[in-house]
Amino acid sequence: MGVPPPAMAGAMPAAGRAAERPAARVPGRELAGVVVGRGSEVTGFVVGDEVYAYAAGAYAERVIVAEQDAAQKPAGLTFVEAAAVPRDAVAALQALRAAGTGEGDVVLVHGAAGGSGHFAVQIARALGAERVLGTAEPADHDFLRELGAEPLVEPTEAGEPYDVAVDFAGGDATAAALREVRDPARAVSTVNPAIAAAGGRYVAPAPHAEDLRWLADLADRGLLRASVHRELPLAEAADAHRLLNAGHVRGKVVLTP
């Protein structure tokens, strides 16, 4: 499929499975756009379909996307909002599933106001969590409440162990996730592989069309929203990364043509 993406999300560094590319790779891992062409073996999409994808090389005017890395764009999201979803929401979903998140769980999300974190809060609720608590700066606490999370500055504030802890922040948050959860096997990080050596789980997010379809259904039922901190033109991609590296981004930064 050849996709001219109306929107491309500026997010975390590339992770997970990457499509084959020349040595000089175009950055970017998520996008939303319209199909303008398809390969002879593509059966799930036609020209004109609105899609979103977790795919390499998204910082471009046109992108080649593998069929298994894309899904129909959620009808309830704009292209800009949809472009903010694929990589970080898939990471959140895969981490929560690896932790066995389900009915009645108390879930702690480290970095809950960030890209994967704000999706994890909503997805945990959709998976049946009874309570979701999230660490964030005080300025982001009202935002977390809007998403359905109980905000914390430090995870020990709750005064009780958690059933599930997911780490999207790294650093001290990885050790905290292991320390605060009842069973270390239900502490999961998508950013720090060292968690596995201490009994937790490391998840390297990977594209998966079924996950994208699951998330699209969640969004279309009004149970998943994408918070876009700022839109910037593609020509200012470097500035977008400077903004991300400076921290204090609530949700996602999205690039548009």
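Taking all atoms of both residues into account, the shortest heavy-atom contact from Gly199 to Leu178 is C-CD2, 4.4 Å. Residues Ala124 and Leu96 approach most closely at N-CD1, 3.7 Å, considering heavy atoms. Contact record, Phe168 with Ala120: CE1-CB, 3.5 Å, taken as the closest heavy-atom pair. For the pair Arg87 and Pro205, the tightest heavy-atom approach, listed with the atom from each and the gap, is NH2-CG, 3.9 Å. When all heavy atoms are compared, the tightest approach of Asp163 to Gly104 is OD2-O, 4.1 Å.
Under the side-chain hydrogen bond (donor to acceptor under 3.5 Å, both in side chains) criterion, Gln94 pairs with Asp211, not counting sequence neighbours. Every residue two or more places apart in sequence or in another chain that forms a salt bridge (Lys or Arg N to Asp or Glu O under 4.0 Å) with Glu150 is listed here: Arg131.
The environment of Asp220 atom CG is dense: over 12 non-hydrogen atoms of other residues, nucleotides or ligands sit within 6.0 angstrom. For CZ of Arg97, the number of neighbouring non-hydrogen atoms (other residues, nucleotides, ligands) closer than 6.0 Å is greater than 12. Within a 6.0 Å radius of CD in Glu137, other residues, nucleotides and ligands contribute 12 heavy atoms or fewer.
For Lys252 and Glu30, the salt-bridge test passes: some basic side-chain N is under 4.0 Å from an acidic carboxylate O.
Taken from CZ in Phe45 to CD in Glu50, the straight-line distance is 12.5 Å, to the nearest 0.5 Å. The distance from atom OH of Tyr54 to atom CD of Gln68, rounded to the nearest 0.5 Å, is 13.5 Å.
Side-chain contact check for Leu133 versus Val107: every heavy-atom pair is 4.5 Å or farther apart. In this structure, His110 and Val166 have side chains that are not in contact, with every pair of non-hydrogen atoms separated by 4.5 Å or more. Under the 4.5 Å side-chain criterion, counting only non-hydrogen atoms from C-beta, Val46 is in contact with Arg38.
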What do the steps show when you test Leu108 against Val164 for side chain to side chain contact (heavy atoms under 4.5 Å, CB included), and what is the final call?
CA-CA 6 Å; Leu108 171 66; Val164 172; over 6 Å; no
List the steps and the verdict of salt bridge (Lys or Arg N to Asp or Glu O under 4.0 Å) for Asp105 and Arg186.
CA-CA 11 Å; Asp105 279 338; Arg186 302 188 77 188; 2.7 Å; yes
Step by step, would you call Leu147 with Arg225 a side chain to side chain contact (heavy atoms under 4.5 Å, CB included)?
CA-CA 9 Å; Leu147 296 176; Arg225 56 177 272 204; 3.9 Å; yes
Can you list the steps and then say if Leu218 with Ile123 is a side chain to side chain contact (heavy atoms under 4.5 Å, CB included)?
CA-CA 8 Å; Leu218 202 66; Ile123 294 168; 4.2 Å; yes
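Taking the ring centre of Trp214 as origin, the terminal cationic atom of Arg221 falls outside the region bounded by 6.0 Å and 45° from the ring axis.
The same ILVMFWY cluster, assembled from side-chain heavy atoms under 4.5 Å apart, contains both Leu232 and Val26.
For the pair His118 (side chain) and Ser227 (backbone), a donor-acceptor distance under 3.5 Å is present. When atom types are taken as modelled, the side chain of Thr135 and the backbone of Gly111 share a donor-acceptor pair closer than 3.5 angstrom. The backbone N or O of Gly44 lies less than 3.5 Å from a partner atom in the side chain of Glu67, making a donor-acceptor pair.
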Would you give me the side-chain donor-acceptor pairs under 3.5 Å for residues 233-240, sequence neighbours excluded?
from: Asp239; atom 1: OD1; to: Arg242; atom 2: NH1; distance (Å): 2.6

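If you run side chain to side chain contact (heavy atoms under 4.5 Å, CB included) between Tyr52 and each of Leu77, Leu31, Leu215, only Leu215 comes through.
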